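Notes follow the structure.
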Amino acid sequence: MHNYKLTRRDFLKASGASLFLSGIPLPGFTSDNPPGNISVIILEGGMDGLTAVPPFGDPNLEKMRSSLIPEDYLKLNSFFGLHPSLKKLSSFMATNNASIVHATSFPYKKRSHFEGQNLVEGGGLSPFSEKTGWLGRSLELAKIPGRALSLDMPLILRGYNENDNFFPANIQNSNKINNNLVDTLSKVHSMYGAKVFQKVKQKSIENLGNIPRDAESLAEYAGNAMSKKGGPIASVIRLDDFDTHASQGDGEGKDHGERLAKVDNVIAAYKRGLGNAWDRSIILTLTEFGRTVAMNGTWGTDHGYGTVGLIAGGSIKKSRVIANWPGLAKNEQFEQRDLMATIDYRSVCAACIEKSLGLDHDLIASQVFFDSKLPRVFDFIFS
Amino acid sequence: MNEQFRIAQKLGLMFRPEETLPEDIKFWAIKQLKAPSPVLGTETVHSEIKPWPKSLQPNLDERAEMMRLHWENTKKRRQKIKGFDTEAARQANDRENRMHKKDMLKFAHQNAYGSDQVRQRLVSFWTNHFTMGGFESRELSSHAMEEGILASFDDSFSDMLYKATTHPAMLMYLDNHISAGPNSNHVRWARSRNEQAGLNDNLGRELLELHTVSPSANYTEDDIRDAAKVLAGWGMDVQGNDIQNLLEQAGTINHWDMYKKNWAEPGSKVVLGKTIYQGKQGLRQLTDFLANHEHTITHLSFKLAEHFVSDEPKQSDVDYIASAWRKNNGSLESIHTAVIERAIESKEPKFQWPMTWLFQVVRLTDSRYFKGWSEVDTYLDRTMETRRIFEELGQSFWVQRQPNGYSSKKEDWMSGEMFERRIRFSESIYNSGGGITEPEVIMDRIGASKETRNLITSLGSSRKNQFIALMCSPELMGLEHA
């Protein structure tokens with residue numbers, strides 16, 4: 001078992017975080033060069049925060065879900081443990097390069113994957129209200145492009161035309177793409193289609209070669225690309241299958257444990273790719289919601305509300321478990337079924353943007369999340 | 001494009017060279033709804049087009065038996081039982097007892113060679129609507145597509161909804177086969193032995209959110225839970241249960257009608273204000289109620305218009321389809337006819353899914369881009385594995401994916417990588433040889449626009465580049481010209 005220097009829990013009252021408004025914020029950087037880079041790992045399906053980071057100090061945990069708690073969890077402090085599948089994350093925590101935000105969520109309470117995913121990527125005030133994403137809008141403000149590691153362009157990165165995506169192709173009987181052809185095509189397509197074809201050209205110039213398609217290889221590639229001068233400053237990777245309605249399991253090698261191991265490996269792969277750039281990096285997870293506190297009838301959990309956010313990277317100088325713990329007793333749960341969220345995860349995303357892109361919090365709050373009252377939690381994570 | 005190809009692009013898969021262009025395109029499209037559809041394909045890549053062999057189209061019982069066998073053999077392999085533990089035995093097990101590779105190919109063949117292109121497009125729309133793409137359920141999704149969805153086209157949406165909801169592919173994909181009513185005999189029995197059993201709301205939730213009324217109906221968690229209670233007891237694991245067990249639990253070996261009384265929740269339930277009575281008939285009562293719900297009608301009329309008419313359908317398009325739906329009590333023929341009428345009426349281009357576009361290119365050029373059915377397990381130098389074609393397109397009905405299916409809107413498919421694939425596939429189809437590769441011939445047949453012709457002329461004399469540009473032109477991709 002790891003021994004941590006985390007001797008105290010850092011509690012955060014999201015509602016009490018400081019903020020004042022001072023007229024119209026000035027757009028652009030607070031400094032000339034962006035101070036860091038940012039990567040988002042989207043966990044599709046709704047990650048169970050109580051399995052990933054079990055609050056074993058809460059007496060109701062055992063009562064509510066005894067079969068879902070890993071036995072050999074890694075002890076973080078007197079209250080929280082870490083799932084044994086997150087060993088690499090735990091080593092980053094031990095070196096003060098990772099933190100956990102618990103009992104957190106975007107302000108979405110209706111438990112639909114598709115509304116929830118749209119909201120946590122779009123970052124608007126309600127599902128389907130935005131055609132662009134919060135990271136895309138941030139990059140547009142910073143004027144530095146990011147890159148998605150998928151065949152499609154995820155909503156979270158839309159909003160800045162310079163953003164690109166990457167996914168290795170493997171098609172028989174096709175060779176090198178003819179750039180004149182691509183140029184001509186981009187001239188006949190209407191504005192948006194034209195932009196997209198221009199990106200195809202960029203790709204063929206970069207000549208990225210053959211990279212395996214598993215999430216780890218893609219993360220390592222992304223880390224490496226971000227570490228280079230002039231490379232992308234943000235990246236997004238998607239991991240699926242967190243919708244553990246059945247046979248969720250408890251420890252390592254079980255369904256949820258294997259998914260967490262994947263997250264763990266992706267974070268470690270980012271670190272390998274980033275090299276020295278790790279020191280100015282921030283990697284955070286994002287999921288549409290947490291899951292029910294109690295186990296359902298099929299050894300799994302149903303859609304819930306509060307969950308956990310995992311944050312790693314050299315930008316973090318002190319590891320913490322940041323939580324304003326709501327409790328797990330029935331009357332402490334959200335609608336008597338879910339973990340309550342006491343920290344608005346948008347604030348956490350905003351802090352990560354502030355740290356990595358050097359944008360002003362008020363600007364992020366009003367122009368990225370359209371909520372000028374969004375609390376600033378920067379100091380709780382990065383001080 | 002001329003009117004025939006404009007409509008064939010929006011509502012179908014383009015006319016093959018041997019097909020005569022219909023004089024009255026609207027009449028043709030509506031008539032297609034009733035067109036008989038033998039499954040057509042080829043035995044080898046380049047052999048003649050003919051009906052698929054019956055032996056490669058097993059029914060549900062036969063599929064269930066194959067899944068059971070596959071599972072038995074896999075267990076024996078894991079137990080290292082002699083004769084089952086070799087790589088050759090593993091491959092033979094997959095070859096003999098796995099269907100999804102053959103199903104995938106059959107789907108590609110039918111789309112490339114079939115004579116029922118409008119029906120195939122509608123099948124894909126509804127298959128996407130009722131996504132069932134899990135790991136084991138992919139063995140059954142093709143059956144659901146043909147017998148649950150296509151076979152309902154002459155009936156009502158209620159019928160299709162019930163068939164899709166009770167199909168074992170759906171019941172397994174959304175965990176319903178293991179869900180039990182909290183007060184069922186099964187749960188009481190499990191509790192007495194200190195074992196876990198109870199409700200799983202996965203299918204109940206998606207039935208409301210995705211398949212019918214949508215969140216606009218403002219249902220509550222109680223509605224979802226009660227829908228899940230109505231569903232409790234439906235379905236059994238297809239691969240893991242022998243006949244004896246099926247008969248004991250559900251009194252039948254028919255997987256499409258498998259209701260375990262002991263797992264059902266006693267008492268009536270209330271979903272969106274409607275009282276649903278206990279027992280097996282309760283599910284049909286619920287799906288009928290949901291199928292005819294006003295929110296279902298508007299939700300799905302919009303979704304159909306978005307897929308076939310325009311990325312941003314006009315309210316009048318949606319209203320037209322919804323009104324046909326109401327007037328004809330959800331008759332799918334009437335709904336589909338209304339969709340056809342509005343798609344023809346609207347002159348806006350409609351962006352096509354990568355999968356649809358690929359089939360259209362293959363048909364238009366008479367290419368032989370897919371393996372023959374006798375080659376499913378053979379490596380071919382010049383023809384890609386079917387699974388890989390779909391994978392590269394980023395679209396397949398046989399992969400594990402989220403239950404909301406694929407978006408119909410172009411904004412969700414616009415990316416450098418997606419467009420790169422269009423170029424690569426165009427080249428790959430050109431290089432695979434055979435078929436019609438002269439851009440002039442294709443442009444004359446479809447009545448290509450002036451802009452498209454100018455594009456091709458501007459590219460110089462490379463026929464390959466011209467071919468690629470034609471297939472990736474705004475006109476062929478269903479996008480706007482500059």
Side-chain angles (χ1 to χ4, degrees), chain A residues 44-45 67 110-115 117 127 131 148 150-153 155 158 164-167 169-175 177-178 180-182 184-185 187-200 202-204 240-241 243 245-247 295-300 302-303 335 337, chain B residues 174-175 178-180 182 187 196-202 205 209-210 215 221 224 382-384 388 391-392 394 400-404 411-421 423-425 427-432 451-452 454-455 458-459 462 465 468-469 472-474 477 479-482:
Chain A
E44 269 180 355
S67 317
K110 283 176 72 179
R111 306 188 185 97
S112 148
H113 289 299
F114 318 108
E115 287 191 341
Q117 286 168 2
K131 293 217 174 270
S150 56
L151 199 45
D152 63 334
M153 177 61 83
L155 176 64
R158 293 182 205 164
D164 197 1
N165 66 332
F166 171 72
F167 200 71
N170 184 6
I171 296 176
Q172 235 156 300
N173 299 318
S174 93
N175 306 307
I177 285 180
N178 179 314
N180 290 336
L181 172 68
V182 180
T184 313
L185 274 172
K187 274 178 211 139
V188 295
H189 275 266
S190 69
M191 205 176 67
Y192 198 45
K195 278 247 176 237
V196 181
F197 273 112
Q198 276 304 321
K199 284 181 191 134
V200 178
Q202 242 167 287
K203 263 179 231 306
S204 86
D240 62 1
D241 227 7
D243 194 18
H245 282 278
S247 313
M295 184 163 77
N296 70 10
T298 55
W299 302 273
D302 294 324
H303 305 182
E335 293 184 348
R337 70 196 284 285
Chain B
L174 290 177
D175 305 323
I178 50 171
S179 175
V187 166
Q196 183 70 14
L199 204 63
N200 179 317
D201 73 14
N202 209 355
R205 184 180 299 275
E209 176 176 343
L210 298 174
E221 286 296 325
I224 289 169
R382 298 183 61 78
T383 307
M384 253 170 101
R388 267 189 45 214
E391 193 180 309
E392 292 297 324
Q400 186 112 34
R401 63 202 172 101
Q402 298 206 100
N404 59 342
E411 65 194 39
D412 293 316
W413 295 97
M414 289 267 205
S415 79
E417 291 294 344
M418 282 283 181
F419 276 31
E420 202 242 19
R421 299 304 188 273
I423 295 175
R424 285 191 183 279
F425 270 115
E427 188 190 6
S428 173
I429 289 169
Y430 182 92
N431 285 342
S432 64
E451 289 90 342
T452 302
N454 287 344
L455 162 69
S458 76
L459 275 166
S462 159
N465 284 346
I468 297 170
C472 297
S473 65
M477 283 178 72
L479 288 166
E480 302 82 9
H481 270 285

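Here is the naming used below: chain letters follow the sequence lines, and residue numbers restart at 1 for every chain. Quick caveat, the model's predicted, so the values are computed rather than measured.
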Start with the C-alpha gap between B/Glu451 and A/Val188, add the side-chain angles, then the distance that decides, and say whether side chain to side chain contact (heavy atoms under 4.5 Å, CB included) holds.
CA-CA 8 Å; B/Glu451 289 90 342; A/Val188 295; over 6 Å; no
Heavy-atom check, side chain of [X] versus side chain of [Y], under 4.5 Å:
X: B/Arg388; Y: A/Asn170; answer: yes
X: B/Asp412; Y: A/Asp152; answer: no
X: A/Tyr192; Y: B/Leu479; answer: no
X: A/Glu115; Y: B/Pro215; answer: yes

Of the backbone (N, CA, C, O) and the side chain (C-beta and beyond), which part of [X] lies under 4.5 Å from a heavy atom of chain A, both, or neither?
X: B/Pro403; value: both
X: B/Thr452; value: neither
X: B/Glu209; value: side chain
X: B/Ile423; value: side chain

Determine the option with the most heavy-atom pairs under 4.5 angstrom with chain B, choosing from [options].
options: A/Thr184, A/Val182, A/Asp241; answer: A/Thr184
options: A/Gly300, A/Ser247, A/Gly193; answer: A/Gly193
options: A/Asn180, A/Asp243, A/Ile177, A/Asp240; answer: A/Ile177

Tell me if a side-chain donor or acceptor on [X] pairs with a main-chain N or O of [Y] at a distance below 3.5 Å.
X: B/Glu417; Y: A/Met153; answer: no
X: B/Ser428; Y: A/Ser174; answer: no
X: A/His113; Y: B/Asn404; answer: no
X: B/Ser179; Y: A/Thr298; answer: no

In terms of heavy-atom pairs under 4.5 Å with chain A, which of [options] leads?
options: B/Met414, B/Glu392, B/His481, B/Met418; value: B/Glu392
options: B/Ala180, B/Ala197, B/Pro182, B/Gly394; value: B/Ala197
options: B/Met477, B/Met384, B/Glu391; value: B/Met384
options: B/Ile468, B/Asn431, B/Leu199; value: B/Leu199

Decide side chain to side chain contact (heavy atoms under 4.5 Å, CB included) for B/Leu210 and A/Phe114; before the verdict, give the C-alpha distance in whole Å, the side-chain angles of both, and the deciding distance to 0.1 Å.
CA-CA 9 Å; B/Leu210 298 174; A/Phe114 318 108; 3.4 Å; yes
How long is the gap from [atom1] on [X] to [atom2] on [Y], to the nearest 0.5 Å?
X: B/Cys472; Y: A/Leu181; atom1: SG; atom2: CG; value: 7.5 Å
X: B/Arg205; Y: A/His303; atom1: CZ; atom2: NE2; value: 5.0 Å
X: A/Met191; Y: B/Glu480; atom1: CE; atom2: CD; value: 10.5 Å

Heavy atoms only: give me the nearest [X]-[Y] pair and the separation to one decimal.
X: A/Lys110; Y: B/Glu221; result: O-OE2, 4.2 Å
X: B/Ala469; Y: A/Leu185; result: O-CD2, 3.8 Å
X: B/Ile178; Y: A/Ala246; result: CD1-CB, 3.5 Å
X: B/Gln402; Y: A/Gln117; result: OE1-NE2, 2.7 Å
X: A/His189; Y: B/Ser473; result: NE2-C, 3.7 Å
X: A/Asn165; Y: B/Gly416; result: OD1-N, 3.3 Å

Check: B/Asn202/A/His245 side-chain N/O donor and acceptor closer than 3.5 Å
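There is such a pair (donor and acceptor under 3.5 Å, judged by atom type) between the side chains of B/Asn202 and A/His245.
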What part of [X] lies closer than 4.5 angstrom to a heavy atom of chain B: side chain, backbone, both or neither?
X: A/Gln198; result: neither
X: A/Ala194; result: neither
X: A/Ser150; result: backbone
X: A/Arg158; result: side chain

Go through it in stages, so that I can follow the logic: the residues are A/Phe167 and B/Arg421, the test is side chain to side chain contact (heavy atoms under 4.5 Å, CB included), and I'd like the CA-CA distance, side-chain angles, deciding distance and then a yes or no.
CA-CA 10 Å; A/Phe167 200 71; B/Arg421 299 304 188 273; 3.9 Å; yes
Check A/Asn175, A/Asn173, A/Ile171 against B/Glu427 for a side-chain contact (heavy atoms from CB on, under 4.5 Å) and give me the one that passes.
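Only one option passes, and that is A/Asn175.
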Just do the side chain to side chain contact (heavy atoms under 4.5 Å, CB included) check on A/Asp302 and B/Asn200 with the steps written out, would you?
CA-CA 7 Å; A/Asp302 294 324; B/Asn200 179 317; 4.1 Å; yes
